[in-house]
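The block underneath contains the structure these notes are about, expressed in structure tokens.
Given the structure is predicted, the values throughout are model-derived calculations rather than measurements.
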Number of protein chains: 2
Amino acid sequence: MAAAPAISPPIDRVFHALGDPSRRAIVERLARGPLSVSRLAEPLGITVTAVGQHLRLLESCGLVASEKHGRTRVCRIEAAGLITIAQWIAHCRELWETRLDRLGDVLGEE
Amino acid sequence: MAAAPAISPPIDRVFHALGDPSRRAIVERLARGPLSVSRLAEPLGITVTAVGQHLRLLESCGLVASEKHGRTRVCRIEAAGLITIAQWIAHCRELWETRLDRLGDVLGEE
DNA sequence: GAGATAGTCAAGTGATCACTTCACTATTGC
DNA sequence: GCAATAGTGAAGTGATCACTTGACTATCTC
């Protein structure tokens, strides 16, 4: 066995999703306003199929939402995914600052 | 050709780095205080070699720093990487809010 | 100096990734 | 109804990933 990296709950998927430049470009672009799949594909230099695959992933981790209007799928940004990672960063910062506080206490005691 | 996903500047690497649960655990753990390589490996259930590989990646994108003291490598968290992604999120939020503002203007005009 | 301890290097492996192409199914507009 | 348009599904491919093992180099301790 080449080993398993443990389970993959949402937060993994969100970071992983944003680790890809095409997907990050999609999110950034949708932050400016809703777009169709083919519109999203245009500047990326990849096929609509590939964009569709990225969108499925982005939707699955709360970074994008979409709905079909006729034959067009309209995509828009979804805050949930971004909030997830913002919270993780905040959590880290908290741990870090708590530690600095404790360190300050110890130094203060002397 | 199976296509290239474009260039990979720091921000890609940071997101990619944090997409792995072991690496995220390392960062989280170091937020509580500095640790040696083998201490980091202990709760992860992977070899020190693997941890060393993760650390190299984490260092290369400004999430961790380390220095050798004798035969031990002491690792600590580094803010740069986290700041990078926090800024990206802020950038997205800005785009999104600007758009909402413009939308508000348009609606207000009528 | 000898033996344990801490980490590193090189090579290999199976799994996953980011794409592709080709065939197909809605819709839309003349 | 028919052709163009918008998207989806399945299968395949090369590249990268997250690990491993085994051999090696410091460094510390007695």
Side-chain angles (χ1 to χ4, degrees), chain A residues 1-9 11-27 29-30 34-61 63-76, chain B residues 1-9 11-27 29-30 34-61 63-76:
Chain A
M1 214 199 302
I7 48 159
S8 295
I11 188 158
D12 276 28
R13 330 256 322 280
V14 182
F15 274 119
H16 169 241
L18 294 173
D20 179 85
S22 304
R23 282 192 294 262
R24 216 170 43 249
I26 289 174
V27 170
R29 201 106 169 286
L30 292 179
L35 287 168
S36 71
V37 178
S38 33
R39 275 305 184 80
L40 282 169
E42 269 168 22
L44 289 175
I46 56 178
T47 60
V48 279
T49 307
V51 173
Q53 287 166 355
H54 284 314
L55 286 171
R56 187 130 33 106
L57 205 156
L58 289 167
E59 286 201 50
S60 82
C61 61
L63 283 164
V64 164
S66 76
E67 44 189 45
K68 267 219 160 184
H69 288 160
R71 65 183 164 182
T72 340
R73 175 170 299 281
V74 179
C75 309
R76 56 187 166 70
Chain B
M1 212 200 301
I7 48 158
S8 294
I11 187 158
D12 277 27
R13 331 254 323 280
V14 182
F15 274 120
H16 169 241
L18 293 173
D20 179 85
S22 303
R23 283 193 292 264
R24 217 170 43 251
I26 289 174
V27 171
R29 201 107 168 284
L30 291 179
L35 286 169
S36 72
V37 178
S38 33
R39 273 307 182 81
L40 282 170
E42 270 169 22
L44 290 175
I46 56 178
T47 60
V48 280
T49 306
V51 173
Q53 288 165 355
H54 284 313
L55 286 170
R56 187 130 33 107
L57 205 157
L58 289 167
E59 285 200 50
S60 82
C61 61
L63 283 164
V64 163
S66 75
E67 42 190 44
K68 267 220 161 183
H69 288 163
R71 66 184 163 179
T72 339
R73 175 171 299 279
V74 179
C75 309
R76 55 187 165 73

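Distance, A:Arg56 CZ to D:dG7 C1': 12 Å, rounded to whole Å. Nucleotide D:dC17 holds its C1' atom 15 Å from the CG atom of B:Asp12, rounded to whole Å. Going from atom CZ of A:Arg39 over to atom C1' of D:dG7 covers 16 Å, rounded to whole Å. With rounding to whole Å, A:Asp20 atom CG is found 14 Å from D:dC17 atom C1'. Rounded to a whole Å, the NZ atom of B:Lys68 is 17 Å from the P atom of C:dT5. Note: CD1 (B:Ile26) to C1' (D:dC19) measures 13 Å, nearest angstrom. In this structure, the CZ atom of A:Arg13 is 12 Å from the P atom of C:dA18, given to the nearest Å. At whole-Å resolution of the value, CD1 in B:Ile46 and P in D:dC17 are 16 Å apart.
Using a 4.0 Å cut-off, some side-chain N or O of A:His16 falls inside it from OP1 or OP2 of C:dA18. Close to D:dT20, at under 4.0 Å from its OP1 or OP2, lies a side-chain N or O of B:Thr47. At D:dT8, one or more side-chain N or O atoms of A:Arg73 fall inside 4.0 Å of OP1 or OP2 (strictly under the cut-off). A sub-4.0 Å separation between OP1 or OP2 of C:dC19 and a side-chain N or O of A:Ser22 is present.
When atom types are taken as modelled, the side chain of A:Arg13 and the backbone of B:Gly19 share no donor-acceptor pair closer than 3.5 angstrom.
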task: Would you sort out whether A:Asp12 and B:Arg24 count as a side chain to side chain contact (heavy atoms under 4.5 Å, CB included), showing the intermediate values?
output: CA-CA 9 Å; A:Asp12 276 28; B:Arg24 217 170 43 251; 2.4 Å; yes

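Checked by atom type, the side-chain pair B:Arg76/B:Ser66 shows no donor-acceptor distance below 3.5 Å.
Listed nucleotides C:dG7, D:dT8, C:dA10 differ in distance to B:Val37; the shortest reach to its side chain belongs to C:dG7. Here the side chain of A:Ala50 is nearest to one of D:dC19, C:dT20, C:dA6, namely C:dT20.
When each of A:His54 and B:Ser36 is assigned the nucleotide of DNA chain C bearing its nearest heavy atom, the one mapping closer to the 5' terminus is B:Ser36. Residue-to-nucleotide proximity on DNA chain C shows that, of A:Arg71 and B:Leu55, the 5′-proximal contact is made by B:Leu55. Nearest-nucleotide positions on DNA chain D place A:Gly52 closer to the 5' end than the other of B:Arg23 and A:Gly52.
Taking each heavy atom of B:Pro43 and B:Leu40 in turn, the nearest pair found is CD-O, 3.3 Å.
Within a 6.0 Å radius of CZ in B:Arg73, other residues, nucleotides and ligands contribute more than 12 heavy atoms.
Counting distance only, with no hydrogens placed and no angle test, the side-chain atoms of A:Gln53 and the base atoms of D:dT8 include no donor-acceptor pair under 3.5 Å.
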